[in-house]
Amino acid sequence: MPSGLRAKLQAIAPGNAAKAAMQERGGLVVRTSRREAPEGLLSLPARGLERLGAGEGFSVEKCLFLDTETTGLSGGAGTLAFLVGAAWVEGDELVTEQYILGDHSDEPEMLVRLGELLKRFDTAVTFNGRTFDMPLLETRYTLCRLRDHWRALDQLDLLYPARRVWKLRLQSCRLSNLEARVLGVRRENDLPGSEAPERFFRYLQTGDFSLLEEVIDHNLQDVVTLAVLLIKLARLFDAPLSAQDSRDRYSLGRALEKRGDAQAAEVYALSRDVPEGSYRLYILYRRAGEWERARAVLEAMVRKNQMGYIPHIELAKLYEHHDKNCRRALFYTKIALAMCEGPERAAILHRLGRLERKLSEGGNKP
């Protein structure tokens, strides 16, 4: 078909006016703002940063806070980032820059602009960016044949340390929940992130840019919150005893223990009203061969009726294998058996039989 005839047919096709308006409306929108950097952002504790997972040589002046709003939450080649928000430290200010697509055709320009920004920084600070935002952006650079403009940064994804600290107490570690219950941030009339894709599609249909204003505000708050959350996490990991809730202290202790950090025992010692905190403290003392301290922790658990039969059976093990006191071990084994109703009874019964045989053979320590 001749190209002129094709153009005429397209011109009278239904919906053509809307498409033409969309093309005329195109153009990348860039929003830039400055604000005073959140208190503490310029003096993050090095030990806290290292403990929460920041790479060696991390510098807040060389990190880019990054968040995207996309056309879907499943990722994949068909998912588009129609809004990218970024923030960085400049002097004593936090600069934010947001790139909003006026139309799909503006994506290459956005990626080139973002690529220039990526070249200036070493680390991307995100919230779930390791598995979503950054792979999605990298895919878009590939699909748009702009790989030369993509720069893979070191990643500090705050979702993971946030879960380690607050999941036990809060259950949900969504960014909005952390804002409300940890950071003391209250959003007014905030648009849920899940509604952002629908707003973008409606904007493309109608050309009404005001539909995106709440999405832009939501994204801006997300980016600024990343900086505030980084401060909170760095301070907590630097001084875990400062955590006000014992469940958070216990969670910090677990994170430190997994790192092999000696401060874990100190943190657990101040988390004894959390049963698991007492138990982990006992484990650390046992590993270190501090038997009297280990015994004292277990006896305290028994008095507080923490974790059911478990401290009783652990006391039985301690008396049998370390103290060679089979009679005392048998005493705690019988209590454990009376308290246990699960499949663990088989192992306890086996222990009971062994202790009774040892006692019958004169194996009890006087």
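Listed by first then second residue, pairs satisfying side-chain hydrogen bond (donor to acceptor under 3.5 Å, both in side chains) with a partner in residues 332-343 read Arg328-Tyr332, not counting sequence neighbours. The stretch residues 286-310 participates, sequence neighbours left out, in these ring-ring contact (aromatic ring centres under 6.0 Å, His included) pairs: Trp291-His322. For residues 167-178, the side-chain hydrogen bond (donor to acceptor under 3.5 Å, both in side chains) pairs, not counting sequence neighbours, are Arg169-Asp248. Note on residues 230-241: pairs passing side-chain hydrogen bond (donor to acceptor under 3.5 Å, both in side chains), not counting sequence neighbours, are Arg47-Asp238.
For the pair Arg295 and Tyr319, the distance from NZ or CZ to the six-membered ring centre is under 6.0 Å and the angle to the ring normal is within 45 degrees. Under a cutoff of 6.0 Å and an axis angle of 45°, Arg130 and Tyr160 form a cation-pi pair.
In summary, of the residues considered (Ile335, Leu298, Ile348, Leu337), a side chain to side chain contact (heavy atoms under 4.5 Å, CB included) with His312 occurs for Ile335 alone. Put simply, the residue from Leu236, Leu156, Leu233 that forms a side chain to side chain contact (heavy atoms under 4.5 Å, CB included) with Pro161 is Leu233.
By the 4.5 Å heavy-atom criterion applied to side chains, Glu69 and His218 are counted as neighbours. Between Pro38 and Ile231 there is a side-chain heavy-atom pair separated by less than 4.5 Å.
Classification of Glu314 and Lys317 as a salt-bridged pair holds, one side-chain N sitting under 4.0 Å from a carboxylate O. Salt-bridge formation is not detected for the pair Arg254/Glu276: no Lys NZ or Arg NE/NH1/NH2 atom is positioned less than 4.0 Å from an Asp or Glu carboxylate oxygen.
Side-chain contact annotation: Asn219 with Gln98, donor-acceptor N/O pair under 3.5 Å present. For the residue pair Arg31 / Ser33, no side-chain donor-acceptor distance below 3.5 Å is found, with atom types taken as modelled. Side-chain N/O atoms of Asp133 and Thr126 include no donor and acceptor closer than 3.5 Å. Under the 3.5 Å distance criterion, with hydrogens and angles disregarded, a donor-acceptor pair is assigned to the side chains of Arg147 and Thr142.
Side-chain N or O atoms of Asp106 include none that pairs as donor or acceptor with a backbone N or O of Leu101 at under 3.5 Å.
By the ring-ring contact (aromatic ring centres under 6.0 Å, His included) test, Phe127 pairs with no residue at all, sequence neighbours left out. Arg151 is linked by a side-chain contact (heavy atoms from CB on, under 4.5 Å) to Leu118, Asp122, Leu153, counting only residues two or more places apart in sequence or in another chain.
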Given Arg202 and Glu198, is the salt bridge (Lys or Arg N to Asp or Glu O under 4.0 Å) satisfied, shown in steps?
CA-CA 6 Å; Arg202 283 173 55 197; Glu198 190 269 341; 3.6 Å; yes
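For the residue pair Ala86 and Val223, the shortest heavy atom distance occurs at C-CG1, 3.8 Å.
Counting heavy atoms of neighbouring residues, nucleotides and ligands inside a 6.0 Å radius, atom CZ of Arg145 does not exceed 12 of them.
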